[in-house]
Amino acid sequence: VKIIREKDEEPIKKIVAVFRYEVKSGEKEEKTESTTSHNEEKEEFTLTQCATFFAAYLDLRRGGAHTQRNRTIGHKKDLMRTIILFAKAMKKNGINPDKLKISEITQEHVSIYHTFLLERKKYSGRTYNRRMENMKQFFSYLKTNEQLDIKNQFDTVKKRPVHTVIRTVESKHFLQL
């Protein structure tokens, strides 16, 4: 039995999905599987399932205490928004994110996401870089914390140039203020 004290639908869905997984896998009870079979089972997780695990990790409900970091609510939302955006990009290209196995994500999927961010969303270099870095963090989490035997396809992404215009006031105009 799990008591959920959330009011918003999305966090409830995440909590329920993680809880359902933990009950089905017996993870809350005792871990009796060997490391090898446990890793082989994890390789079959979908993008959606892995996003759920990551959300639980960000909320400090999954993973060892030594791996947890406090993040701002805004940062957590940004990380999850990025994964949702990746799923939307896949869906727009006829790929079902609920069936896309995390181990099957390739450079082709990264390319689809790249095009989606730049052409469809028309993101600036700064926003593009942040989205790609967030996906890199997500895959890094899956490799390190969930111990999935996957390649981080986002490691190869090159940063886009960022153009920052710094506007200054000349000293004579400043003195007139």
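Note: hydrogens, waters and symmetry copies are ignored here, and every other heavy atom, side chains too, is used. Along the sequence shown, the residues carry numbers beginning at 1.
- Taking each heavy atom of Pro97 and Leu47 in turn, the nearest pair found is O-CB, 3.7 Å.
- Between Phe138 and Phe86, a ring centre-to-centre spacing not shorter than 6.0 Å is recorded.
- For the atom pair Thr127 OG1 and Lys122 NZ, the distance stands at 14.5 Å (nearest 0.5 Å).
- In terms of modelled atom types and a separation under 3.5 Å, the side chain of Tyr57 and the main chain of Thr67 share a donor-acceptor contact.
- Put simply, CG on Leu58 and CG on Leu79 are 5.5 Å apart, with the number rounded to the nearest 0.5 Å.
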Next on the checklist: side chain to side chain contact (heavy atoms under 4.5 Å, CB included) for Asn134 and Ile83? Distances and angles first, verdict last.
Outcome noted: CA-CA 8 Å; Asn134 286 349; Ile83 297 168; over 6 Å; no

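- Side-chain contact check for Glu146 versus Phe54: every heavy-atom pair is 4.5 Å or farther apart.
- By the rule that hydrophobic residues join a cluster once side-chain heavy atoms approach within less than 4.5 Å of another member, Tyr123 and Val162 end up as members of separate clusters.
- Here the closest non-hydrogen pair linking Ala89 and Ile112 is O-CG2, 3.9 Å.
- With hydrogens and angles left out, the side-chain atoms of Asp98 and Thr48 include a donor and acceptor closer than 3.5 Å.
- Phe116 and Leu118 fall within a single hydrophobic cluster, where Ile, Leu, Val, Met, Phe, Trp and Tyr are joined by side-chain heavy atoms under 4.5 Å apart, directly or via other members.
- At least one side-chain heavy atom of Asn70 sits less than 4.5 Å from a side-chain heavy atom of Leu60.
- To the nearest 0.5 Å, atoms CD (Gln176) and OG (Ser171) are separated by 10.0 Å.
- Here the straight-line distance linking atom CG of Leu148 with atom CD of Glu44 works out to 10.5 Å at 0.5 Å rounding.
- Annotation: Arg126, atom CZ; neighbour count of heavy atoms from other residues, nucleotides and ligands within 6.0 Å does not exceed 12.
- Taken to the nearest 0.5 Å, the CD atom of Gln49 stands 9.5 Å off from the NZ atom of Lys101.
- Between Asp155 and Lys136 there is a side-chain heavy-atom pair separated by less than 4.5 Å.
- The distance from atom NZ of Lys92 to atom CG of Leu85, rounded to the nearest 0.5 Å, is 10.5 Å.
- Here the shortest heavy-atom pairing between Met132 and Val110 reads CE-O, 4.2 Å.
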Item to check | Residues Val157, Met135; criterion side chain to side chain contact (heavy atoms under 4.5 Å, CB included); working and verdict | outcome: CA-CA 10 Å; Val157 174; Met135 288 303 293; over 6 Å; no

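- When the shell of 6.0 Å around NZ of Lys76 is examined, it contains more than 12 heavy atoms from other residues, nucleotides or ligands.
- Side chains of Phe154 and Gln137 form no contact here, defined as non-hydrogen atoms less than 4.5 Å apart.
- Between Arg131 and Tyr113, the shortest heavy-atom contact is CB-OH, 3.7 Å.
- Proximity of a side-chain donor or acceptor of Ser111 to a complementary backbone N or O of Gln107 within less than 3.5 Å is not detected.
- Pairing each heavy atom of Asn129 with each of Arg160, the nearest pair is OD1-N, 2.7 Å.
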Next on the checklist: Run Lys143 and Ile150 through side chain to side chain contact (heavy atoms under 4.5 Å, CB included) and show every step you take.
Outcome noted: CA-CA 6 Å; Lys143 284 182 65 143; Ile150 57 173; 3.6 Å; yes

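- Side-chain atoms of Thr106 and His109 form a donor-acceptor pair, as typed in the model, at a separation below 3.5 Å.
- Heavy atoms only, all atoms of each residue included: Lys151 and Phe139 are closest at O-CD2, 4.0 Å.
- Annotation: Arg81, atom CZ; neighbour count of heavy atoms from other residues, nucleotides and ligands within 6.0 Å is above 12.
- The neighbour count for Ile73 CD1, taken as heavy atoms of other residues, nucleotides or ligands under 6.0 Å away, does not exceed 12.
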